[in-house]
Amino acid sequence: MAKKQVYDHKKIEKKWQKKWEASKIYKTDDKTLKTGQKKFFVLDMFPYPSGEGLHVGHPKGYIATDIVSRMKRMSGFKVLHPMGWDAFGLPAEQFAIKNKTNPMIGVKKTVARFKKQVSIIGLDYDWDREINTTDPKYYKWTQWAFLKILEAGLAYESHEPINWCPSCKTGLANEDVEDGKCERCATPVEKKPLRQWVIKITKYADRLLNDLEALEWPEPIKDAQRNWIGRSEGAEVTFKTNTGVDVSVFTTRVDTLFGVTYVVVAPESNLIAEFGDNIKNKKEVAEFIKNTSKISDIERTAVDKPKNGLKLDGVIAINPANNEEVPVFIADYVLANYGTGAVMAVPAHDTRDYAFAKKYDLPIREVIKSESEIAGAELFVDDGVLINSSKFSGLTSGEARGKIAKAYGKLVTKYKLRDWVFSRQRYWGEPIPVIHCEKCGVVPVPYKDLPVVLPKVKSYEPTGTGESPLANILSWVNVKCPKCKGPGKRETNTMPQWAGSSWYYLRYMDPKNDKALVDPKKEAFWSPVDFYVGGAEHAARHLIYARFWHKFLQDIGVVKYGEPFKKLQNVGLIMGEDGRKMSKRYGNVVNPDTIVETYGADTLRLYEMFMGPFDQEITWKTDNIIGVRRFLEKVWRMHERVVDDTKKTAGKKSVSKDGEGVFGLDNATDILFNQTIKKVTDDIGTLGFNTAISQMMILVNQLEKVEAVPKSVYLTLIKLLAPFAPHATEELWMLFGQKGSIHTSLWPEYDSKKLVLNTITVMVQVNGKVRDQFNAELGISKEEMEKLALESKYIKENFADKKPSRIIVVPNKIVNLVY
RNA sequence: GCCGGAGUGGUGGAAUGGUAGACACGCACGACUCAAAAUCGUGUCUCGCAAGGGGUGAGGGUUCAAGUCCCUCCUCCGGCACCA
């Protein structure tokens with residue numbers, strides 16, 4: 001029996017954190033990577049180390065991956081569980097502007113602080129693999145990948161108007177705009193024509209969509225991505241015009257082609273210029289276009305906004321289906337950057353066209369009839385049967401779509417996904433490694449000259465002119481063209497924050513490699529990430545960009561698999577006690593340091609996992625922490641009642657014995673013990689941490705009733721608990737003189753013959769309601785169960801003279817008598 | 001508007017279609033104590049003294065049996081949104 005020891009979390013936790021660090025027990029050794037060896041790559045979405053520090057919500061995901069990683073390690077897997085920093089981006093830049101210091105310094109400070117806060121929680125990261133996206137040795141490979149993308153013809157310069165945040169003074173990708181506002185600062189986004197680098201992510205739309213199928217991701221995330229990619233099947237139909245310029249329209253309802261009463265083009269469309277002098281009311285048209293461009297996207301896309309338009313006098317389009325002449329409008333409800341930027345309007349069968357037609361008093365022609373014959377309404381948007389459609393009349397919408405498309409146009413697929421606007425007019429990002437030469441045009445920086453290091457500047461302020469602050473450092477900007485050696489200028493735009501995070505998981509496999517992005521052997525061993533944990537807010541950005549980047553790397557042979565993250569799990573947010581998001585602004589922030597100080601890291605870890613389902617948003621309640629702390633103390637104190645059952649010594653007896661002179665658990669407790677091993681093992685696999693912990697609580701409560709706890713049982717219990725509470729269990733492990741660390745010991749196995757009690761309780765139901773019960777031996781026959789049910793007290797007293805019309809017997813569980 | 005997800009005690013939450021409320025917080029009472037804290041024990045969905053009845057957002061349905069499956073709603077949360 002071990003000596004009495006007091007549970008002093010402060011002493012224990014500091015002590016073991018130091019020891020683990022010194023002995024590097026969590027280091028992932030990759031000197032021997034054998035194919036076929038069991039591996040597990042568990043990854044957290046790496047954080048942006050902000051100056052604000054952590055609140056208790058941040059480590060929730062890290063604790064979960066830590067538990068999984070520890071359990072996998074104990075189960076004989078080679079585990080990779082790394083951490084790093086996604087440190088480019090606005091907050092560090094703003095810090096730099098305010099303090100007039102290089103952002104690198106601010107980043108160093110915040111990383112150090114962040115790391116300290118994380119380390120007191122006792123996470124098992126292999127810090128030898130720490131990465132930082134702002135390290136030139138790292139972004140060398142971000143730039144390398146960009147050059148490969150450029151080489152493959154997937155990056156291009158564009159002058160199309162893009163989303164511009166007037167406050168951040170930079171262009172934004174479509175993904176960075178929320179509700180027409182800048183995702184960072186909530187300033188309404190404007191459209192601004194600006195030279196920018198764009199990546200053809202749309203070329204991968206199909207693969208990004210189809211490959212979702214095989215991923216073990218939460219369905220809502222997959223749906224969000226499907227939604228974002230927005231594949232839609234339709235037809236393209238060309239309307240000839242009297243101007244000689246053709247107008248192509250995209251429609252998903254080509255079955256309504258005979259109902260077209262006008263055509264609409266987007267105000268930004270090039271078609272307007274192409275029509276030229278054919279437009280008789282040019283002045284008004286120019287005016288209209290000017291007014292439309294002035295209003296922001298939020299106003300323009302507001303729900304129920306009245307649709308504004310203007311007829312292009314002098315332009316007539318011809319419906320290829322019936323050669324009818326229809327007027328052409330420009331209107332703000334048609335978007336230039338979707339489909340063809342022009343639509344055929346069928347007011348009888350489209351809500352928007354209907355509203356527009358009503359407003360401008362345009363004809364409405366019915367060509368689809370409801371199959372269920374309720375009709376009568378002027379507007380009918382569902383599929384039905386064609387009428388007034390010449391030889392196609394009588395067909396259903398579905399039949400007609402293929403036939404009409406074939407006759408007058410072609411079937412096409414369109415996506416909502418836009419190409420990725422990849423340049424930012426800011427300082428703190430990876431320089432885009434190209435040189436502009438008057439003679440040779442865009443020339444990539446030779447691979448041997450990578451990385452293009454971000455130079456130091458005096459002012460980090462964005463210029464607002466559409467140029468990055470880098471443009472002012474002439475000594476950096478002016479270089480020789482690598483091709484013709486003539487005068488050239490460096491690209492001064494930088495990459496978006498999403499660049500560095502699009503491939504970082506690969507770097508963890510081989511963090512110090514200077515010769516390649518990743519060693520193919522290491523990549524082959526570790527890929528894909530087995531388990532990825534992070535916030536759901538990345539559904540339509542990071543997770544799309546990373547999948548795209550990965551697929552590109554696959555295409556050029558850098559990686560083997562087509563998808564980076566096999567299994568994904570979202571962390572549910574921890575809300576403040578007032579039910580709002582934890583934020584300094586609301587004064588509801590709980591700091592993990594103070595919780596660790598008062599209750600200990602093990603308690604914090606247990607609490608965050610016990611709060612509720614892992615992926616669910618949940619409210620923090622400091623008052624509730626005491627429950628898991630009590631549990632931990634019970635486990636701790638239990639060590640005083642442990643008897644060595646490994647030797648047959650006399651001493652304290654357990655309440656019941658399994659055999660002569662051998663201390664053991666009574667049958668019921670033994671079964672509970674085996675059930676617990678199974679449940680904890682299974683639940684960690686499915687992230688059911690809350691139920692895993694409650695199962696251990698049930699076992700501990702039961703063992704409280706036992707006079708003496710066998711040592712083998714106790715050691716198993718603390719092994720099960722070790723991933724959750726690594727410090728206390730390590731101390732107890734040592735207290736019992738066990739060799740090595742508990743965290744490198746073998747994960748317990750259960751005895752599958754000891755999962756069910758021999759004695760069962762059978763419920764007697766009448767018409768599905770529980771009325772009585774009886775005990776029986778496990779494996780009792782159906783006939784016997786039926787007989788015992790009919791003999792039960794309740795049935796005898798209430799249904800003695802009646803015969804049930806039906807009897808349902810669920811083996812070992814229930815007899816339901818139907819009267 | 002479209003696409004997802006969720007509604008269970010005072011609270012956080014458990015429940016392969018098969019005993020609803022495990023586990024935990026809180027609360028009440030009791031034990032220990034001069035006393036308090038800590039700890040332990042008992043109770044705690046609801047109506048009822050009890051026997052018994054009712055009960056998982058609302059209403060229908062399927063089933064021997066529904067928190068769980070289906071339909072129609074309501075509320076909340078997340079994503080997308082004049083996407084043709």
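Below, chain A is the first sequence line, B the second, and so on; all start at residue 1.
With a 6.0 Å radius and a threshold of 12 heavy atoms from other residues, nucleotides or ligands, A:Lys222 has its NZ atom above the threshold. Around the CD atom of A:Glu160, the shell of radius 6.0 Å holds no more than 12 heavy atoms that belong to other residues, nucleotides or ligands.
Under a 4.0 Å N-O distance rule, the pair A:Glu219/A:Arg226 qualifies as a salt bridge.
To the nearest whole angstrom, the two P atoms, one in B:A37 and one in B:A28, are 12 Å apart. Straight-line distance between the C1' atoms of B:C40 and B:U46: roughly 30 Å, to the nearest whole Å. Between B:G5 and B:U56, the two P atoms lie 23 Å apart (nearest whole Å).
With a cut-off of 3.5 Å on both Watson-Crick or G-U wobble distances, the partner of B:G54 is given as B:C45. Nucleotide B:U75 is matched to B:A6 when pairs are restricted to Watson-Crick or G-U wobble geometry with both distances under 3.5 angstrom. Shown here, B:G67 forms no base pair; nothing in the strands shown gives a Watson-Crick or G-U wobble contact with both key distances under 3.5 Å. Pairing for B:C82 is absent, with no Watson-Crick or G-U wobble pair whose two atom distances lie under 3.5 Å. Nucleotide B:G30: paired with B:C40 (Watson-Crick or G-U wobble, both distances less than 3.5 Å).
Minimum atom distance to the side chain of A:Gln616 is reached by B:G13, of the listed B:C82, B:A14, B:G13. Counting only heavy atoms from C-beta on, A:Lys769 has its side chain closest to B:G55 among B:G55, B:G4, B:G12. Distance from the side chain of A:Trp228 is smallest for B:C80 among the nucleotides B:G12, B:C80, B:A14. Among B:G13, B:C82, B:A84, the nucleotide with an atom closest to any side-chain atom of A:Asn690 is B:G13.
Residues A:Arg641 and A:Met638 have side chains in contact (heavy-atom distance under 4.5 Å, counting atoms from C-beta outward).
The CG atom of A:Leu312 sits 9.5 Å away from the CZ atom of A:Phe288 when rounded to the nearest 0.5 Å. A:Ile162 CD1 to A:Asn174 CG: the interatomic distance, rounded to the nearest 0.5 Å, is 10.5 Å.
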Could you walk me through whether A:Arg184 and A:Asp176 pass the salt bridge (charged side-chain N to carboxylate O under 4.0 Å, His left out) check?
CA-CA 8 Å; A:Arg184 276 231 83 85; A:Asp176 296 324; over 6 Å; no
Apply the test side chain to side chain donor-acceptor pair (under 3.5 Å) to residues A:Thr202 and A:Asp419: give CA-CA distance (whole Å), side-chain angles for both, the deciding distance (0.1 Å), then the verdict.
CA-CA 6 Å; A:Thr202 48; A:Asp419 277 342; 2.5 Å; yes
Could you run through nucleotides 23-28 of chain B and give me one letter per nucleotide, 5' to 3': B if any protein heavy atom sits under 4.0 Å from the base, S if only the sugar-phosphate is that close, - if neither?
BSSS--
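Across all strands shown, A:Lys621 has heavy atoms under 4.0 Å from sugar-phosphate atoms exclusively, and none from any base. In this structure, A:Thr619 reaches neither bases nor backbone, as no heavy-atom distance under 4.0 Å exists between it and the strands shown.
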Would you list the protein and nucleotides 17-20 of chain B atom pairs, both N or O, that sit under 3.5 Å from each other?
residue : atom : partner  : partner atom : Å
B:G18   : N2   : A:Gln765 : OE1          : 3.3

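Glycosidic torsion of B:G9 falls within 90° of 0, placing the base in syn.
Close placement of the A:Tyr262 and A:Phe356 rings is indicated, their centers lying within 6.0 Å of each other.
The side-chain hydrogen bond (donor to acceptor under 3.5 Å, both in side chains) check on A:Thr681 picks up A:Trp747, with sequence neighbours excluded.
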